[in-house]
Amino acid sequence: MPDNGNVTLQISETGIATISFYHPAQNSLPAKLLNKLTSQIEIAGNNVETRIIVLKSEGERTFCAGASFDEILTIKDKEAGAVFFSGFAKVINACRKSPKIIIGRVQGKAVGGGVGLAAAADYCMATEAAAIKLSELAIGIGPFVISPAVVRKVGLPAFSQLTIRASDFQSAQWAKDKGLYNEVYPDITSLDDAVDTLTQKLASYHPEALAGLKQILWEGTADWDSLLNERAAISGELVLSAFTQQALQQFLNGSK
């Protein structure tokens, strides 16, 4: 059986809900995993035992490589394209609407939609190896779905640099300076120690105070349900172009 990845949810006795995703292709996210990730974020957020949510991925080198290019190449019409890219919209909106504070734990590189996941967390902690890149322009599309979340964190000038420099990684320190990451640590061990310390402390705080803070953090985003789906439709149409199909095929051939 092929390894199609998985998403897991564990809730500790102290109310720390850890959601972890994995895919053998550098933690890229096909539609099935995007849907599972959305579901687990909603389940954790609605569980009365949950105090704090940690969003992480497995492995050491890559946090998330973004959308599954293999799956993108199977898209044959704009409706299917919109459905696929709306998977990222659902995950971001699940993070936004969750009543619980979400801590992002980014242990390695984040590309494309992976940057969107980091931006969707309420507070993000990373290692020095967690460089970021928005590569969408290089393959003929754009970071349309994730752009509201990323701009909300880093601002338009930094987003412009990320988007236009589509082939270049920006360092974890750059991401911290721009506001995507709140804290950066030298290695995974120190990152995990810091995540554990922070989440245990947060779990001891008044749940209603945390819920109130969550609402304040996401003020002005009430239109994102429709906005992100509109953006997904743009990506879903662009991905059908001969330019994008050829660019994706060249990328996949080059990575093999």
Side-chain angles (χ1 to χ4, degrees), residues 1-9 19-45 53 55-59 62-98 102 104 106 109-121 133-136 138-150 224-241 244-249 251-252 255-256:
M1 293 291 291
D3 187 348
N4 295 316
N6 60 68
V7 178
T8 61
L9 166 62
I19 299 171
S20 182
F21 63 92
Y22 163 77
H23 192 277
Q26 297 181 311
N27 287 328
S28 60
L29 292 169
K32 186 175 181 180
L33 287 192
L34 287 168
N35 289 332
K36 285 185 176 180
L37 196 52
T38 298
S39 176
Q40 297 293 4
I41 292 169
E42 292 173 344
I43 290 170
I53 297 173
L55 179 61
K56 59 175 286 189
S57 68
E58 299 299 324
T62 305
F63 169 67
C64 177
S68 168
F69 285 2
D70 286 321
E71 187 160 340
I72 289 176
L73 282 170
T74 68
I75 296 172
K76 302 302 181 185
D77 56 69
K78 62 182 182 181
E79 290 78 16
V83 168
F84 174 79
F85 286 102
S86 69
F88 281 97
K90 290 177 181 176
V91 173
I92 291 172
N93 277 320
C95 291
R96 174 179 67 89
K97 293 189 285 187
S98 174
I102 298 176
V106 182
K109 289 181 177 179
V111 178
V115 179
L117 293 185
K133 178 170 70 171
L134 293 182
S135 58
E136 285 86 346
I139 57 170
I141 56 176
F144 302 117
V145 175
I146 66 170
S147 63
V150 179
W224 280 24
D225 279 324
S226 58
L227 175 63
L228 299 194
N229 283 326
E230 290 168 5
R231 299 288 180 85
I234 297 173
S235 295
E237 190 163 355
L238 281 173
V239 79
L240 298 173
S241 70
T244 301
Q245 292 289 308
Q246 183 178 6
L248 283 168
Q249 196 63 63
F251 180 89
L252 288 173
S255 65
K256 292 177 181 178

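Pairing each heavy atom of Gly5 with each of Pro24, the nearest pair is N-CD, 4.1 Å. The shortest non-hydrogen separation linking Thr8 to Asn6 is CG2-OD1, 3.8 Å. The nearest pair of heavy atoms linking Leu240 to Lys78 is CD1-N, 3.2 Å. Heavy atoms only, all atoms of each residue included: Pro148 and Leu227 are closest at CG-CD2, 3.9 Å. What you find for Asn27 and Ser57 is that their closest heavy atoms are ND2-OG, 3.4 Å. Between Ala247 and Ala138, the closest heavy-atom pair is CB-O, 4.1 Å.
The 12-atom threshold is exceeded at CD of Glu58, counting heavy atoms of other residues, nucleotides or ligands nearer than 6.0 Å. Within 6.0 Å of atom NZ in Lys56, more than 12 heavy atoms from other residues, nucleotides or ligands are found, so the atom counts as buried in its surroundings.
Listed for the Thr62 side chain is no donor-acceptor partner under 3.5 Å among the backbone atoms of Ala65. Of the possible polar contacts, none joining the Gln26 side chain to the Cys64 backbone as a donor-acceptor pair under 3.5 Å is found. Of the possible polar contacts, none joining the Ser98 side chain to the Cys95 backbone as a donor-acceptor pair under 3.5 Å is found. Here the side chain of Ser235 pairs no donor or acceptor atom with the backbone of Ala232 at under 3.5 angstrom. Not a single donor-acceptor pair under 3.5 Å links the side chain of Ser68 to the backbone N or O of Pro30. Here the side chain of Ser147 pairs a donor or acceptor atom with the backbone of Phe144 at under 3.5 angstrom. Remark: side-chain polar atoms of Thr38 are paired, donor with acceptor, to backbone N or O of Leu34 under 3.5 angstrom. Side-chain atoms of Ser241 come within 3.5 Å of backbone atoms of Thr244 as a donor-acceptor pair (strictly under, hydrogens ignored).
To the nearest 0.5 Å, atoms CD (Glu237) and CD1 (Ile141) are separated by 13.0 Å. Here CD1 of Ile19 is found 10.0 Å from CD of Glu42. Values are rounded to the nearest 0.5 Å. Atom CD1 of Ile102 and atom CG of Leu55 lie 7.0 Å apart (nearest 0.5 Å). Rounding to the nearest 0.5 Å places CD of Gln40 at 5.0 Å from CG of Leu9.
You'll find the side chain of Phe69 reaches within 4.5 Å of the side chain of Ile139, heavy atoms only. Side-chain contact between Phe88 and Leu228 is absent, with no heavy atoms from C-beta onward closer than 4.5 Å. Asp225 has its side chain within reach of Lys97: a pair of non-hydrogen atoms, C-beta onward, lies under 4.5 Å apart. The shortest distance between side-chain heavy atoms of Ile146 and Leu134 falls below 4.5 Å. Ile92 is listed as a side-chain neighbour of Trp224, based on a closest heavy-atom distance under 4.5 Å. Side-chain contact between Ser226 and Asn229 is absent, with no heavy atoms from C-beta onward closer than 4.5 Å. Considering only heavy atoms from C-beta on, Leu29 stays 4.5 Å or farther from His23 through its side chain. The closest side-chain heavy-atom distance from Leu117 to Val106 is not below 4.5 Å.
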**Study point:** Leu33/Phe21 under side-chain contact (heavy atoms from CB on, under 4.5 Å): CA gap, chis, key distance, verdict
**Key:** CA-CA 8 Å; Leu33 287 192; Phe21 63 92; 5.6 Å; no
